[in-house]
Each structure stands twice: as structure tokens, then as C-alpha cells.
Protein chains: 2
Amino acid sequence: MDELDSAILAELQTDARQTNRELARRLGVAPSTALERVRALERRDVIRGYHADVSLAALHRGVQAMISVQVRPLHRQVIDSFQDFVATLPEVLSIFVLAGNDDFLLHVAVQDLDRLHAFLVDRLAKRKEVTGFKTSVIYRHTHSTAISALKSIET
Amino acid sequence: MDELDSAILAELQTDARQTNRELARRLGVAPSTALERVRALERRDVIRGYHADVSLAALHRGVQAMISVQVRPLHRQVIDSFQDFVATLPEVLSIFVLAGNDDFLLHVAVQDLDRLHAFLVDRLAKRKEVTGFKTSVIYRHTHSTAISALKSIET
DNA sequence: ATTGAAATCCACTTGTA
DNA sequence: TACAAGTGGATTTCAAT
């Protein structure tokens with residue numbers, strides 16, 4: 001992981017479909033060098049995959065929400081099986097397992113508020129291990145486009 | 001947006017770097033057809049971009065947290081300027097603007113708990129508009145790999 | 001809108017240092 | 001490890017349906 005690797009990651013996070021020649025040109029190295037570096041990053045699982053970013057509105061999922069969930073008892077088996085359950089629900093984009101008061105945070109996207117309500121009542125509330133949840137509608141959501149390595153500052 | 005478009009989106013969300021020929025083969029259409037569809041989806045901003053998924057651990061960001069933040073007064077100018085501020089911070093992966101008790105939810109990734117503490121104390125707490133925040137460390141985070149269109153069920 | 005074919009461009013391998 | 005050149009294969013354009 002040197003500066004060239006970091007630069008490659010920054011480029012591919014921004015645009016994963018640029019050609020290897022384009023990538024090499026931007027980095028100022030030979031295409032074969034860039035290709036070998038990218039392959040190595042893939043092999044080491046530094047790059048885990050390449051994904052298209054698709055508009056939620058285009059998929060009829062204009063309404064997003066964050067749902068914090070408490071489950072009881074807090075046993076591994078309960079936690080894992082609840083996580084497996086929510087992972088199968090098409091409304092769920094992302095699952096966070098948390099420390100603190102809330103045990104899970106679910107990022108969901110649905111067509112409208114009626115569907116959100118239906119999701120909460122028909123899916124979540126039906127689970128016996130769910131002892132409480134709180135829903136916050138999301139007005140906006142933004143991503144950082146390129147995540148770079150944080151410097152280790154020795155003091 | 002027909003079934004072919006949906007299938008293309010599912011494929012490219014799963015693997016954005018597969019070749020156009022491979023994509024066409026899976027869909028059972030000619031490569032030129034697949035290419036034209038993809039271009040159209042890009043033009044209509046259904047596909048917003050293609051991004052490499054990079055391991056946070058490899059970037060020395062093994063510790064993730066969710067931070068719920070309250071800001072006051074709740075004026076547009078305050079909300080927007082706070083959002084602009086946090087968007088510049090390298091620790092911040094994602095920003096949610098919420099309805100309800102909390103105004104913002106920040107998904108952050110840092111090297112260790114010391115850096116998390118430093119972020120909270122040196123960055124967040126210094127802002128005058130921030131009247132409170134609550135931090136939850138993230139044990140696990142999983143994504144749904146392919147987000148598909150939710151059916152509109154007419155009743 | 002979809003296709004097949006032609007032309008251009010690129011990925012990937014090999015050879016070299 | 002990096003590079004340059006060559007080959008096979010892919011992308012892209014275009015005329016036709």
C-alpha cells in the first residue's frame with residue numbers, strides 16, 4: 001500500500017468503469033503497471049467489488065428511513081437470526097449492528113409512507129425478539145465519493 | 001424502465017466491471033443492445049456512477065460509528081452550513097438529514113477509538129450550532145448487494 | 001428499439017531490463 | 001517491479017430492419 005495504490009483506489013472509487021489505459025494515464029504509469037496493481041488490490045481484498053450506483057427514485061423507492069431497533073434477549077443467536085431475517089427483506093438497504101442503547105440500525109427505502117408503515121407493522125413488529133423500535137424519515141442522504149486512508153500521525 | 005432495464009441494473013449493481021459482452025450474454029440480447037440500454041440509463045441518471053468498494057480496514061479505518069447530532073436553531077442556513085462542514089471531514093462516510101428528534105446522523109470511520117474521541121471533541125463539539133450528539137460504535141455493517149425496484153401493488 | 005458486421009480500441013501476455 | 005510491444009478480444013459505430 002504505497003501512494004500509487006492509494007491513487008488507484010481514489011480513482012476507482014470515483015469511477016470504477018474508466019479503462020485501464022485512462023487510469024494509467026492519470027497516474028502517469030504504464031497500463032501494464034496499473035493493471036498489475038489493480039489485480040493485486042483485488043487479490044488482497046482491498047478492492048471488494050465494483051457496483052453501479054442506482055437512483056432510488058428510479059426504482060420507486062423515494063422514501064428512505066432509519067429505524068433503530070432493540071431486540072431481547074441479547075444473545076448471539078437472537079442477534080444473528082434477527083440480522084439474517086432483515087437481510088432478506090427487500091426494503092432494507094443496509095444493516096448496522098450497534099453498541100449502546102440501540103442494537104440495530106436499519107436503513108430502508110420504500111415507495112411511500114404507506115409502505116413504510118406496512119414494513120414496520122407487518123414485518124418488524126411481528127418479530128418476538130423486537131422489544132422496541134424508533135423510525136426517523138430521511139430528508140437527504142449524501143455519500144463521500146472517495147474514501148482515502150487516514151494518516152497515522154505519530155506524536 | 002422495462003424488465004431488461006431492471007435486469008441490467010441488477011447485474012451492474014452486483015458487478016459493475018463485467019464486460020458488455022458478458023452482460024449481453026446474461027441478458028440474452030446483442031452486445032450493441034445492452035450497450036445502448038446502459039448508455040440510456042446513464043443519460044437518464046438512473047445509473048449515477050460506478051464505484052469500487054474498498055475495504056475500510058485496508059485504509060486504516062477499522063472503527064466505525066454512528067453519531068446522531070442535534071443542531072439549533074433549526075434554520076435552513078444552519079442545517080446547510082453544518083452539512084457542508086461535515087461533508088469536508090475525511091472521517092465522515094455518509095450524512096443523513098433526519099426528521100424527528102435527531103437532525104443529523106453521521107456515519108464515520110476512523111483508525112481507532114482515540115481518533116473517534118478526537119473527532120467528537122475537536123471537530124463536532126467545537127461547532128456552536130451543535131447542541132448535542134450521541135455516539136454508537138458499529139460492530140458490524142452489511143449492505144444489500146442488489147437493490148431492485150419495489151413492485152407497485154394496486155389494491 | 002434491436003441487430004450483425006466492420007473498425008477502432010483495449011486488456012492481457014510475453015519478453016526485457 | 002515496471003515497461004513496451006503484440007495478439008486476441010472487446011467496445012463502439014453504423015446501416016438495415
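Proteins get letters first, then strands, A, B, ... in listed order; numbering begins at 1 in each.
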What residues, two or more places apart in sequence or in another chain, satisfy side chain to side chain donor-acceptor pair (under 3.5 Å) together with [X]?
X: D122(A); result: none
X: D45(A); result: none
X: R17(A); result: none
X: D15(B); result: none

Residue list, side-chain contact (heavy atoms from CB on, under 4.5 Å) with [X], at least two apart or on another chain:
X: R72(B); answer: Q70(B), L74(B), D103(B), T131(B)
X: V29(A); answer: L4(A), A24(A), L27(A), T33(A), A34(A)
X: A99(A); answer: V137(B), Y139(B)
X: E42(B); answer: V38(B), R39(B), I47(B), Y50(B)

Stepwise salt bridge (charged side-chain N to carboxylate O under 4.0 Å, His left out) check, R26(A) with E11(A): CA-CA 9 Å; R26(A) 287 182 198 235; E11(A) 280 297 332; 3.7 Å; yes
Terminal axis angle for the helix from dA1(C)-dT17(D) to dA17(C)-dT1(D), five pairs an end, nearest 10 degrees: 30°
Footprint string (nucleotides 7-17 of chain C, 5' to 3'): B base within contact, S backbone only, - free, heavy atoms under 4.0 Å: ---SBB-----
First and last nucleotide of DNA chain D, 5' to 3', lying under 4.0 Å from heavy atoms of chain A: dA2(D) to dA4(D)
Pairwise ring pair (Phe, Tyr, Trp, His ring centres under 6.0 Å) hits with a residue in residues 86-106 of chain A, at least two apart: F82(A)-F104(A), F96(A)-H107(B), F96(A)-H141(B)
